[in-house]
2 protein chains.
Amino acid sequence: MAKLTIRDIARLSGLSKSTVSLVLNNSPKVDPETRRRVLAVMRRNNYVPSFAATALAKGNTGLIGMIVPGLTWRFMADINYGVAKVVEDTKYEIVLFTSTNERDYGGAIDRVLSSGLCAGLLVVAHDQRQLERLVDLHRSGLVVVLIDTLGAESDLPAVGVDNHTGGLLAARHLIELGHRRIASMLGPLNHAYVQERLRGVRDALREAGLAPDPALEVETDFDEALVRSRTRELLELPPGRRPTALFAYHDSAAFAVLDELAQAGVRVPQEVSVVGFDDIDAAAHVRPALTTVRQPFARMSERAADILLATLDHPDSDGTPQRLVLPTELVVRDSTGPAPADA
Amino acid sequence: MAKLTIRDIARLSGLSKSTVSLVLNNSPKVDPETRRRVLAVMRRNNYVPSFAATALAKGNTGLIGMIVPGLTWRFMADINYGVAKVVEDTKYEIVLFTSTNERDYGGAIDRVLSSGLCAGLLVVAHDQRQLERLVDLHRSGLVVVLIDTLGAESDLPAVGVDNHTGGLLAARHLIELGHRRIASMLGPLNHAYVQERLRGVRDALREAGLAPDPALEVETDFDEALVRSRTRELLELPPGRRPTALFAYHDSAAFAVLDELAQAGVRVPQEVSVVGFDDIDAAAHVRPALTTVRQPFARMSERAADILLATLDHPDSDGTPQRLVLPTELVVRDSTGPAPADA
DNA sequence: CTGTTAGCGCTTTCAT
DNA sequence: ATGAAAGCGCTAACAG
């Protein structure tokens, strides 16, 4: 079953390639009856135009690439949803690139991407090295918009949230509840958003006349086990230094903290309060329901897609790169409460 | 910054297009020194070959598509990992297609796919309609391998697990623990694997001389709230009919069940035992740790990729479509225990 | 080892 | 409203 070409369809319907092409592209210049006939022939023969040939002739693949660091992050679904919603009523399609191993990320993938496979790129990347690579590509003409990657040292177009205020809100909430020893369970410090949130926490502390305690700023990564062991270490601090509240850089990390606390018999929020970040769906369902800082993932990615599409259709806007900062919002649930009186 | 073509590179390095092309394709026939020079010119000018042109000329895009129903399923990471591992040392790249809205799934996406964007397709799809579409495409030449989609009424190449035995193992385990009233919290019945697992449970029941009780076979979907309310309904059954064990079609559903049970003050496993399916990482971390049927996701997808690649490199094997069934394995943890004596 | 010459399947003026 | 012809950027024989 050799693949049919436009020529075959032309022959089969007694027309020329050009006319068939016009049909393919919904040209109004073709006779309705003719169009119907051609379409019928196509259907009957299961014809589909060659992607490569179309892309080559048009000089555009009509594909928008999306690069994400991993698939399991809960909010990927929201991000994906936002993008899909915007892109689905355009002529573009989305292809998603992921990679399980780090070395690929910088190599094979953007080889494909930079080769013009995709007209534009939406990227979720927190790694500084990846961003640098993107800056290069951007400079040489790649249309790219970052999602949720603000504050990094690049001036790529991006939409993200105000992480500083996010950290600030979380810490203020805790301070208002009377907490004085607030621990931060941080993500990798080489991620800009982690730094920003920490800065927010510290600012809130200073605002209240409290000095940030380095011992309460612990760095972790995406390994849950590490989060758990750090949590235990925090609990083992002497009574006067032990935190009464814990701000986790990530809801998933907060879940691990919550669980570890439960294991240790520490009651939340009576003895220790916990705040997360992201507000993924599960946050409302764990026990106790998690107080957390909400990121508007779907809206973020929608806006990013908007910017990308606008740039694609309007390549002349070589002015200032677009950067959009969306607000975060504190969602208070059951995992935070007044600081214990005896603390 | 107009995009450079192979012709520019040829001119810039004083050679012909063909030689440059040979360099591009790592031909050993080109003089090492010449190659070096050409490569330097390319680097210096930031040249990247056009994807579309290459694909058209080669008659192959070098892309393997992967279609998945959603991104949040925990095991997607494993599946992705398995595929990446196999594909990364071939000339192919992986692109992932997802869709948030159902109608897309059958339309735009496979338009892209069938148009030769991808040389082959790896698909995770449980929906019967989607499968039918794939059968069509397969018949007209698309190379496709299904992952985790066995038992569906198609003879597409596929690798999956023995869901019947999975259900059987889970139920037998429960029966051996003395349980007599075993409820099945099923997924959508139009998914073949759901049927298979249920068949396994029933067979185990019959084996033990027990009659499957329709009231204990409840259908749910991927909505967690539904799982929760069904769980409550089960708990409200009169003492003599209330299940002492619950088999959930999915670890995530099992988590919801566990949580709902905890809410209701029902102790697991003392009063009710719970078994899941999949063995996603979280299964070992919830409290109580979940007894579950493990699916070897990474291995599944590896084998699927193997089959796909073999078919791609060996299009003549028009014989019997490959179908591979991998075994499941019962992982006993803390959520199952002896049936309560008074039951 | 390098150059010549045809295409790959489709779009796109420009005629008719 | 339809057709002819010239590419899009690259590869792949085949010569040399």
Side-chain angles (χ1 to χ4, degrees), chain A residues 1-39 41-42 45-63 91 111-112 114-119 141, chain B residues 1-39 41-42 45-63 91 111-112 114-119 141:
Chain A
M1 185 162 318
K3 235 180 173 325
L4 295 186
T5 75
I6 197 176
R7 204 212 305 285
D8 299 313
I9 301 301
R11 188 170 35 72
L12 257 34
S13 42
L15 291 165
S16 74
K17 273 170 43 179
S18 343
T19 307
V20 176
S21 173
L22 289 180
V23 171
L24 243 25
N25 294 282
N26 291 309
S27 162
K29 310 195 308 179
V30 81
D31 184 276
E33 180 46 38
T34 310
R35 138 182 316 284
R36 202 184 322 286
R37 244 187 36 237
V38 174
L39 253 19
V41 173
M42 290 181 178
N45 295 280
N46 243 303
Y47 166 77
V48 255
S50 149
F51 171 83
T54 310
L56 178 57
K58 283 208 169 113
N60 180 333
T61 58
L63 257 31
K91 58 182 174 174
R111 193 175 64 231
V112 177
S114 61
S115 65
L117 205 210
C118 298
Chain B
M1 186 163 318
K3 237 180 171 323
L4 295 185
T5 75
I6 197 175
R7 205 215 302 288
D8 299 312
I9 301 300
R11 188 169 36 73
L12 256 34
S13 44
L15 290 165
S16 74
K17 273 170 45 179
S18 348
T19 307
V20 176
S21 173
L22 290 179
V23 171
L24 243 25
N25 293 283
N26 292 309
S27 162
K29 310 194 309 177
V30 82
D31 183 277
E33 179 47 36
T34 309
R35 140 183 313 286
R36 203 183 319 285
R37 242 185 40 234
V38 174
L39 253 20
V41 173
M42 289 180 178
N45 295 281
N46 242 304
Y47 167 77
V48 256
S50 149
F51 171 82
T54 310
L56 178 56
K58 282 204 169 119
N60 179 335
T61 59
L63 257 31
K91 58 183 175 173
R111 194 175 63 230
V112 177
S114 60
S115 64
L117 206 210
C118 298

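To find a chain, count down the sequence lines: A is the first, B the second, and so on, and within it residues start at 1. Heavy-atom basis, side chains included; hydrogens, waters and symmetry copies ignored.
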Using atom [atom1] of [X] as one end and atom [atom2] of [N] as the other, report the distance to the nearest whole Å.
{"X": "B/Ile6", "N": "C/dT2", "atom1": "CD1", "atom2": "C1'", "answer": "13 Å"}
{"X": "B/Leu22", "N": "D/dC10", "atom1": "CG", "atom2": "P", "answer": "14 Å"}
{"X": "A/Ile9", "N": "C/dG9", "atom1": "CD1", "atom2": "P", "answer": "13 Å"}
{"X": "A/Lys91", "N": "C/dT11", "atom1": "NZ", "atom2": "P", "answer": "13 Å"}
{"X": "A/Arg7", "N": "C/dC8", "atom1": "CZ", "atom2": "P", "answer": "7 Å"}
{"X": "A/Met42", "N": "C/dC10", "atom1": "CE", "atom2": "C1'", "answer": "11 Å"}
{"X": "A/Arg36", "N": "D/dA1", "atom1": "CZ", "atom2": "P", "answer": "15 Å"}
{"X": "A/Lys29", "N": "C/dA15", "atom1": "NZ", "atom2": "P", "answer": "13 Å"}

(message) Looking at B/Pro28, is its backbone amide N or carbonyl O close enough to the side chain of B/Arg35 to form a donor-acceptor pair, meaning the two atoms are under 3.5 Å apart?
(response)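 Here the side-chain-to-backbone pair does not exist.
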(request) Look only at the side chain of B/Ser21 and the backbone of B/Lys17, and say whether a donor-acceptor pair between them is shorter than 3.5 Å. (result)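 No.
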[X] side chain, from C-beta outward: closest of [options]:
{"X": "B/Leu56", "options": "D/dG3, D/dG9, C/dT2", "value": "D/dG9"}
{"X": "A/Ala53", "options": "D/dC10, C/dG9, D/dT2", "value": "C/dG9"}
{"X": "B/Thr19", "options": "C/dG3, C/dC10, D/dG9", "value": "C/dG3"}
{"X": "A/Ala57", "options": "D/dT2, C/dA6, C/dG9", "value": "C/dG9"}
{"X": "A/Ser18", "options": "D/dG3, D/dC10, C/dT11", "value": "D/dG3"}
{"X": "B/Lys58", "options": "C/dT11, D/dG9, D/dT11", "value": "D/dT11"}
{"X": "B/Ser50", "options": "D/dC10, C/dC1, D/dT2", "value": "D/dC10"}

Does OP1 or OP2 of [N] have a side-chain N or O of [X] closer than 4.0 Å?
{"X": "B/Thr5", "N": "D/dG9", "result": "no"}
{"X": "B/Thr54", "N": "D/dC10", "result": "no"}
{"X": "A/Thr34", "N": "D/dT2", "result": "yes"}
{"X": "A/Tyr47", "N": "C/dC10", "result": "yes"}

(message) Less than 4.5 Å apart, side chain to side chain, heavy atoms only: is that true for A/Val23 and A/Leu15?
(response)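 In short, these two side chains do not touch, never coming nearer than 4.5 Å.
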(request) Taking all non-hydrogen atoms of both residues into account, name the closest pair between B/Glu33 and B/Asp31 and its distance. (result)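 Answer, listing the atom of B/Glu33 first, then B/Asp31: N-OD1, 2.8 Å.
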(message) Tell me the closest heavy-atom pair linking B/Leu56 and A/Ala53, and the distance in Å.
(response)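 That closest heavy-atom pairing would be CD1-CB, 3.8 Å.
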(request) Would you indicate what A/Phe51 reaches in the nucleic acid, counting non-hydrogen atoms under 4.0 angstrom: base, sugar-phosphate, or nothing? (result)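 No contact at all - A/Phe51 keeps every heavy atom at 4.0 Å or more from the nucleic acid.
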(message) Using a 4.0 Å heavy-atom cut-off, does A/Ser21 contact any base of the nucleic acid, only the sugar-phosphate backbone, or nothing at all?
(response)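 The residue A/Ser21 makes base contact.
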(request) Hey, which sits more toward the 5' end of DNA chain D by its nearest nucleotide, A/Val30 or A/Lys17? (result)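 Result: A/Val30.
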(message) Run A/Lys58 and A/Asn25 through side chain to side chain donor-acceptor pair (under 3.5 Å) and show every step you take.
(response) CA-CA 11 Å; A/Lys58 283 208 169 113; A/Asn25 294 282; 3.2 Å; yes
(request) Sort out for me which residue in A/Leu12, A/Val20, A/Leu24 forms a side-chain contact (heavy atoms from CB on, under 4.5 Å) with A/Tyr47. (result)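 Answer after filtering A/Leu12, A/Val20, A/Leu24: A/Leu24.
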(request) Give the intermediate values and the outcome of side chain to side chain contact (heavy atoms under 4.5 Å, CB included) for residues A/Leu63 and B/Phe51. (result) CA-CA 12 Å; A/Leu63 257 31; B/Phe51 171 82; over 6 Å; no
(message) Taking the axis from the first five pairs and the axis from the last five, what angle separates them in the helix from C/dC1-D/dG16 to C/dT16-D/dA1, rounded to 10 degrees?
(response)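 So the angle between the two local helix axes works out to 30°.
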(message) With nearest nucleotide decided by heavy atoms, which residue, A/Leu24 or B/Ser16, maps closer to the 5′ end of DNA chain C?
(response)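 Closer to the 5' end of DNA chain C: B/Ser16.
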